[in-house]
Amino acid sequence: NQSATGLNNGFKWTDAFKELTTALSYARERDTIKMASGTYKPGTTQASTFRMRDSVIIMGGYANTGNPTDADRKYGVHQTILSGEVGDPGYTTDNVSNIISGYPYPLEEIQCDNFIIDGVIIENSYGSAFYSYNVPRATIRNCVFRNNWGSTDGSALLLENTSLSIYNCYFFNNTFN
């Protein structure tokens with residue numbers, strides 16, 4: 001929650017992490033990351049990415065004020081945007097290559113399997129908005145992929161040796177050249 005004013009430790013809404021990259025770095029197997037409305041970027045360079053973790057769930061669509069519960073979650077109203085727009089807003093070629101990435105961590109015993117992304121908008125990549133390599137199971141549901149551009153790979157999705165389930169997602173204005 002970028003509006004959180006507390007300790008930035010993720011234990012409750014007032015102490016929420018302000019950035020998804022921080023929450024993912026602390027996430028462990030079976031953790032759920034609940035995201036407030038707002039625009040989140042994986043970093044400041046084209047190589048920046050939100051790197052998924054094993055069996056972690058990301059859920060967008062929570063209000064960015066108060067102490068929202070799961071019953072208050074409305075991803076169509078409280079839009080949680082994962083944006084690759086890191087350069088000049090007038091150009092797509094300087095945007096993040098892969099906004100979300102899922103793949104095993106090299107040289108570590110960490111797997112990347114069975115993660116879920118739910119209720120977010122994924123936009124403005126210059127590559128593949130979602131890239132996954134060697135992931136046995138992953139799920140994307142209730143998401144929107146929009147305004148992504150690919151030159152050598154898929155603009156919205158690039159899957160290699162990955163089993164991905166997609167439910168209730170909308171793909172709009174994604175271009176491949």
Side-chain angles (χ1 to χ4, degrees), residues 1-2 10 17-62 75 79-87 92 94-106 110-176:
N1 181 354
Q2 296 169 328
F17 291 116
K18 293 180 184 262
E19 298 297 331
L20 178 57
T21 50
T22 306
L24 283 168
S25 72
Y26 282 94
R28 299 297 172 250
E29 191 173 330
R30 295 182 182 81
D31 279 350
T32 297
I33 298 171
K34 297 180 179 182
M35 297 184 67
S37 62
T39 300
Y40 300 84
K41 297 180 181 185
T44 58
T45 68
Q46 282 189 298
S48 302
T49 190
F50 292 120
R51 183 106 179 257
M52 291 305 299
R53 305 287 296 211
D54 192 37
S55 300
V56 169
I57 300 170
I58 292 177
M59 295 177 65
Y62 292 91
Y75 49 82
Q79 294 186 352
T80 304
I81 299 170
L82 307 183
S83 175
E85 182 62 68
V86 295
T92 57
D94 59 359
N95 290 354
V96 167
S97 296
N98 305 117
I99 298 170
I100 300 171
S101 298
Y103 49 92
Y105 286 69
I110 299 173
Q111 298 298 309
C112 189
D113 182 21
N114 206 30
F115 59 82
I116 298 171
I117 301 169
D118 188 337
V120 299
I121 297 168
I122 304 159
E123 67 179 16
N124 296 326
S125 73
Y126 178 72
S128 299
F130 176 86
Y131 169 69
S132 181
Y133 172 76
N134 217 15
V135 175
R137 293 169 299 191
T139 302
I140 299 175
R141 60 184 181 219
N142 305 314
C143 291
V144 175
F145 287 81
R146 68 183 182 197
N147 304 325
N148 297 293
W149 194 86
S151 61
T152 58
D153 300 313
S155 58
L157 302 170
L158 175 58
L159 309 174
E160 297 182 70
N161 196 30
T162 293
S163 176
L164 178 67
S165 298
I166 301 173
Y167 303 98
N168 196 36
C169 290
Y170 181 67
F171 294 82
F172 176 72
N173 200 33
N174 298 292
T175 305
F176 176 76

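Residues satisfying the ring pair (Phe, Tyr, Trp, His ring centres under 6.0 Å) criterion with Phe176, sequence neighbours excluded, are absent altogether. Taking Ser48 as the reference, Thr45 meet the side-chain hydrogen bond (donor to acceptor under 3.5 Å, both in side chains) condition, with sequence neighbours excluded.
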Tell me which donor-acceptor pairs under 3.5 Å the side chains of residues 162-171 have, and how far apart each pair is, sequence neighbours excluded?
{"from": "Thr162", "atom 1": "OG1", "to": "Ser132", "atom 2": "O", "distance (Å)": "3.3"}
{"from": "Thr162", "atom 1": "OG1", "to": "Ser132", "atom 2": "OG", "distance (Å)": "3.0"}
{"from": "Thr162", "atom 1": "OG1", "to": "Glu160", "atom 2": "O", "distance (Å)": "3.0"}
{"from": "Asn168", "atom 1": "ND2", "to": "Asn142", "atom 2": "OD1", "distance (Å)": "2.7"}

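Minimum heavy-atom separation, Val86 to Gly43: CG1-O, 3.3 Å. Pairing each heavy atom of Gly102 with each of Val135, the nearest pair is O-CG2, 3.5 Å. Gly84 approaches Asn95 most closely through the heavy-atom pair O-CB, 3.2 Å.
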Practice item. Kindly indicate, with the supporting measurements, whether the criterion side-chain contact (heavy atoms from CB on, under 4.5 Å) is fulfilled by Ser155 and Thr175. Key: CA-CA 6 Å; Ser155 58; Thr175 305; 5.6 Å; no
Practice item. Go through Thr21 and Phe50 one step at a time and tell me if the side-chain contact (heavy atoms from CB on, under 4.5 Å) criterion holds. Key: CA-CA 6 Å; Thr21 50; Phe50 292 120; 3.7 Å; yes
Exercise for review: Step by step, work out the side-chain contact (heavy atoms from CB on, under 4.5 Å) result for Thr80 and Tyr40.
Suggested key: CA-CA 8 Å; Thr80 304; Tyr40 300 84; 3.9 Å; yes
Exercise for review: Report the C-alpha separation of Gln79 and Ser37 in whole Å, then their side-chain angles, then the decisive distance to 0.1 Å, and conclude whether the side-chain contact (heavy atoms from CB on, under 4.5 Å) test is met.
Suggested key: CA-CA 5 Å; Gln79 294 186 352; Ser37 62; 5.5 Å; no
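Inter-residue side-chain proximity for Asp31 and Arg53 is flagged as unmet; no heavy-atom pair is nearer than 4.5 Å. Residues Ser125 and Val96 have side chains not in contact (no heavy-atom distance under 4.5 Å, counting atoms from C-beta outward). Counting heavy atoms from C-beta on, the side chains of Ile140 and Ile100 never come closer than 4.5 Å. Taking the side chain as every heavy atom from C-beta outward, Arg146 and Asn173 never approach each other to under 4.5 Å. The shortest distance between side-chain heavy atoms of Tyr75 and Val120 does not fall below 4.5 Å.
Glu19 CD to Leu24 CG: the interatomic distance, rounded to the nearest 0.5 Å, is 11.0 Å. The distance from the SG atom of Cys143 to the CD1 atom of Ile121 is 9.0 Å, given to the nearest 0.5 Å. Rounded to the nearest 0.5 Å, atoms OG (Ser128) and CG (Leu159) are 8.5 Å apart. Remark: Glu85 CD to Ile99 CD1 distance equals 9.5 Å, nearest 0.5 Å. Summarising the geometry, atom CG belonging to Asn174 is positioned 7.0 Å from atom CG belonging to Asn147; distances are rounded to the nearest 0.5 Å. In this structure, the separation between CE on Met35 and CG on Leu82 is 5.0 Å, given to the nearest 0.5 Å.
Two rings, from Phe145 and Phe130, have their centers 6.0 Å or more apart.
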